[in-house]
Amino acid sequence: MSTPELGLPMVVPAPDLPARVRIYEVGARDGLQNEKATVPTEVKAEFVRRLADSGLTTIEATSFVHPKWVPQLADAEQLFPLVSDLGRSSGVHLPVLVPNERGLDRALALGARHVALFASATESFAKANLNRTVDESLAMFEPVVSRAKADKVHVRSYISMCFGDPWEGAVPIHQVVRVCKALMDMGCDELSLGDTIGVATPGHVQTLLAELNEEGVPTSALGVHFHDTYGQALTNTLAALQHGVTTVDASAGGLGGCPYAKSATGNLATEDLVWMLQGLGIDTGVDLARLTATSVWMAERLGRPSPSRTVKALSHKE
């Protein structure tokens, strides 16, 4: 018998937390881009559909980065038309990653209405990931944001290395704030604060959020993206929720890392996040049993078990 059938997790709300959290599902893009093997296009499309069937309403579908850099997602043109009807029929948002104007052109040509950029708070990661300085990358993003907004396309920007960098160490908070403000000033609708190598701790999270607020970046425009390298992802998520954040990035089954930061392990598992939020009485709209089944299904196709503790617990067979 599974634990949900036993009435677990017991719902015990905590004070001063949001009533609802939007889960920004990144497994189909951030998760699969870090796999050694290339997943067939049809399997990726089925993965996105199963995620939508579990109740997730924001599912990052793919990336329009040049196939040379992310070969696992080289089939973006083939994949997106296989799932784009979800946006029309089910109201599911299907954001896609676009690195530059060429990537934006490819995405818009297929009807994408939500795009995401990938910025860096540090020079070392900007060089490794974008082959540019931080300021050069921001200059590259300006026409992308301008054109997307002119076409009424929603623009998110990830900011990597907000809490630590494998080459530079601790990242000064003012450095992160500068990049965030620049992205908001150029017109981004939403920012995702990335703990790319998983070194954040709760006080650091809340201090960064407070500094961003002081500099005019509202909490409503912020999401958080935690990796679980040191087992801190859920703890840091709770700290962000206590500050008022209502958008949390997560990856079904805990898939993913970062191909340009070798110390980055898997993302926060969506199932682990949903378990905690259900126990707190926070609405997500997600059916945990269906989501777990989806992650088990994908793990079978990847040929290895899911790293998610919740997936392991709920799929355990006596």
Side-chain angles (χ1 to χ4, degrees), residues 18-33 44-65 73 76-99 103-119 144-145 147-159 183-184 187-194 218-225 245-252 255-256 267-268 270-271 273-274 277 282-287 290-291 294-295:
R20 182 177 177 85
V21 162
R22 176 180 68 132
I23 297 176
Y24 192 105
E25 173 60 47
V26 300
R29 194 278 301 173
D30 192 14
L32 295 184
Q33 79 171 17
K44 292 176 184 173
E46 180 67 16
F47 186 37
V48 171
R49 290 188 173 280
R50 288 177 180 239
L51 292 170
D53 286 344
S54 75
L56 290 159
T57 57
T58 302
I59 304 167
E60 197 164 68
T62 188
S63 167
F64 287 91
V65 173
L73 302 180
E77 265 90 0
Q78 292 73 46
L79 173 66
F80 195 78
L82 297 178
V83 297
S84 58
D85 63 292
L86 290 171
R88 297 187 296 272
S89 63
S90 305
V92 174
H93 293 157
L94 296 169
V96 295
L97 193 68
V98 297
L104 179 66
D105 288 339
R106 294 169 61 200
L108 294 180
L110 293 173
R113 305 307 299 163
H114 294 75
V115 300
L117 308 171
F118 203 79
V144 179
V145 177
R147 287 183 50 206
K149 296 308 298 176
D151 202 22
K152 296 182 171 56
V153 170
H154 183 277
V155 181
R156 158 185 263 226
S157 181
Y158 292 98
I159 302 93
L183 289 162
M184 289 298 290
C188 288
D189 298 288
E190 176 182 3
L191 304 179
S192 173
L193 305 174
T219 302
S220 59
L222 297 172
V224 289
H225 185 114
V245 170
T246 58
T247 296
V248 180
D249 297 4
S251 176
L255 293 174
N267 291 294
L268 169 62
T270 311
E271 293 84 359
L273 173 63
V274 172
L277 296 177
I282 297 174
D283 181 28
T284 63
V286 174
D287 184 315
R290 285 190 179 186
L291 181 61
T294 294
S295 289

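- Interatomic distance, L94 CG to L110 CG, rounded to the nearest 0.5 Å: 12.0 Å.
- Residues L73 and K44 are in side-chain contact: their nearest non-hydrogen atoms beyond the backbone lie under 4.5 Å apart.
- E25 places a side-chain N or O within 3.5 Å of a backbone atom of A252 that can act as its donor or acceptor partner.
- Distance NE2/H225 to CG/N267: 4.0 Å, rounded to 0.5 Å.
- In this structure, CZ in F64 is found 11.0 Å from CG in D105, a value given to the nearest 0.5 Å.
- We find the CG-OG1 distance between L97 and T62 to be 9.0 Å, quoted to the nearest 0.5 Å.
- You'll find the side chain of R49 reaches within 4.5 Å of the side chain of D85, heavy atoms only.
- Considering only heavy atoms from C-beta on, T247 comes within 4.5 Å of R156 through its side chain.
- At least one side-chain heavy atom of L56 sits under 4.5 Å from a side-chain heavy atom of V286.
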Query raised in the report: Can V98 and R106 be said to form a side chain to side chain contact (heavy atoms under 4.5 Å, CB included), step by step?
Result: CA-CA 9 Å; V98 297; R106 294 169 61 200; over 6 Å; no
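- With 3.5 Å as the limit, one finds no donor-acceptor pair spanning the side chains of S63 and Q33.
- Of all non-hydrogen atoms in F80 and A61, the two that sit nearest each other are CD1-CB, 4.4 Å.
- The shortest non-hydrogen separation linking I23 to A250 is CG2-CB, 4.3 Å.
- Considering CZ of R290 and CZ of R50, their distance stands at 11.0 Å, rounded to 0.5 Å.
- Going from atom CD1 of I159 over to atom CG of L117 covers 9.5 Å, rounded to the nearest 0.5 Å.
- Without hydrogens or angle criteria, T57 side chain to V92 main chain gives no donor-acceptor distance under 3.5 Å.
- Contact record, A45 with L79: N-CD1, 3.5 Å, taken as the closest heavy-atom pair.
- V248 has its side chain within reach of V224: a pair of non-hydrogen atoms, C-beta onward, lies under 4.5 Å apart.
- Using a 4.5 Å heavy-atom cutoff, the side chains of T219 and V245 are in contact.
- Between L82 and E46, every side-chain heavy-atom pair lies at or beyond the 4.5 Å cut-off.
- Annotation for A148 and V115: closest pair CB-CG2, 4.4 Å, computed over non-hydrogen atoms.
- Side-chain atoms of D249 and E60, non-hydrogen and from C-beta on, never get closer than 4.5 Å to each other.
- Closest non-hydrogen pair, S157 versus L183, comes out as OG-CD1, 3.4 Å.
- Between P18 and I282 the shortest heavy-atom distance is O-CG1, 3.3 Å.
- F118 and Y158 have tilted rings, their planes meeting at an angle from 30° to 60° on a 0 to 90° scale.
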